[in-house]
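Note that the coordinates shown come from a computational prediction; the quantities given were computed from them, not determined experimentally.
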Amino acid sequence: MKSIITLLFMIVAAYGQRETYFEYKLSSNGKYYIATPLFESNPYKDNKNQCIFQFKTSDGMMYLRKLVNSATSFALKNEVRELKYVNMGNHEYSQSKLTISINDKGQVRYVIFMIAKEDGNLLLDSVLYQIYQKLQTMKLDMNRGVMEVIKEDSTSSEKYFSFTIQLYTRVFKGKKL
């Protein structure tokens, strides 16, 4: 009897200690859950050195989409096909998105996820964490574009730019990715 109680206690304790990596809030339009990291604060929250990044060639966005696809498929594996997709003629991409902040060295520094309600069952906290971690190991080739300062602040050292992009793109400009 004592061993059964001990076993039950261990099971409850194991489920109760599940780690949460993100804070979730419903978007103002009610279509998305906004997931922000609990394990890291936004390094650009008060940074005024915001820039825009313009790719030099037309394949720049495809390059960025492939980087994000790589991280998403790493975490979701074959389940990536289960995401809810939108078909817009020669584009087919997931409804779920992310905003990715990249510093002037091409390093991914911060990610916010916008999870479509329909994808909530696939994009679990642990999956988002895997995507986040994979993105932080990647580096954008800064030679593919030009950074232009929007606002400059001499008290902030690191310049950054952000993109909002679909979590996974199957077809872009008529080409399968």
Looking at Y33 versus F113, is the centre-to-centre ring distance below 6.0 Å? no
I would like to know whether K105 and M142 meet side chain to side chain contact (heavy atoms under 4.5 Å, CB included); could you show each step before the answer? CA-CA 7 Å; K105 295 172 187 75; M142 296 300 285; 6.0 Å; no
Closest contact, heavy atoms only, I102 versus L140: CD1-CD2, 4.1 Å
Looking at every heavy atom in both M138 and S70, which two are closest together, and how far apart are they? CE-OG, 3.3 Å
What side-chain donor-acceptor pairs closer than 3.5 Å can you find for residues 124-131, not counting sequence neighbours?
unit_1	atom_1	unit_2	atom_2	d
D125	OD1	F22	N	3.2
D125	OD1	Y24	OH	2.5
D125	OD2	Y21	N	2.5
Y129	OH	Q133	NE2	3.4

Closest non-hydrogen atom pair between L123 and S96, with its separation: CD1-OG, 3.6 Å
Is there a side chain to side chain contact (heavy atoms under 4.5 Å, CB included) between F55 and M61? Walk through the geometry before answering. CA-CA 8 Å; F55 287 105; M61 282 307 291; 3.8 Å; yes
Kindly assign one of parallel, tilted or perpendicular to the pair F163 and F53, based on the angle between their ring planes and the thresholds 30° and 60°. perpendicular
Going through the checks in order, is the side chain to side chain contact (heavy atoms under 4.5 Å, CB included) test met by T169 and V68? CA-CA 9 Å; T169 304; V68 173; over 6 Å; no
Could you please spell out the steps behind the side chain to side chain donor-acceptor pair (under 3.5 Å) verdict for S162 and T99? CA-CA 7 Å; S162 298; T99 297; over 6 Å; no
With rounding to the nearest 0.5 Å, note down the distance linking OG in S94 to CG in L122. 11.0 Å
Run the side chain to side chain donor-acceptor pair (under 3.5 Å) check on Y132 and E40 step by step: do they pass? CA-CA 11 Å; Y132 195 103; E40 179 173 47; 2.4 Å; yes
4.5 Å side-chain heavy-atom contact, K97 and I165: no
Pairs involving residues 57-103, ordered by first then second residue, that meet ring pair (Phe, Tyr, Trp, His ring centres under 6.0 Å) (sequence neighbours left out): H91-F172
Could you give the distance from CD1 (I112) to OG1 (T36), rounded to the nearest 0.5 Å? 6.5 Å
Looking only at heavy atoms, which two atoms of V111 and V108 are closest? And how far apart? CG2-CG1, 3.8 Å
Just how far is it from atom NZ of K117 to atom CD of Q95, taken to the nearest 0.5 Å? 12.5 Å
Main chain of G106, side chain of N103: is a donor-acceptor contact present, judged purely on distance under 3.5 Å? yes
I would like to know whether E158 and D104 meet side chain to side chain contact (heavy atoms under 4.5 Å, CB included); could you show each step before the answer? CA-CA 7 Å; E158 190 173 75; D104 53 359; 4.1 Å; yes
Hey, mind stepping through E118 and K84 against salt bridge (Lys or Arg N to Asp or Glu O under 4.0 Å) and telling me if it holds? CA-CA 6 Å; E118 298 86 354; K84 180 76 173 162; over 6 Å; no
Q50-Y44 side chain donor-acceptor pair, cut-off 3.5 Å: no
Compare every heavy atom of Y168 with every heavy atom of L83, then report the nearest pair and how far apart it is. CD1-CB, 4.0 Å
Pairing of K77 and E79 as salt bridge, 4.0 angstrom limit: no
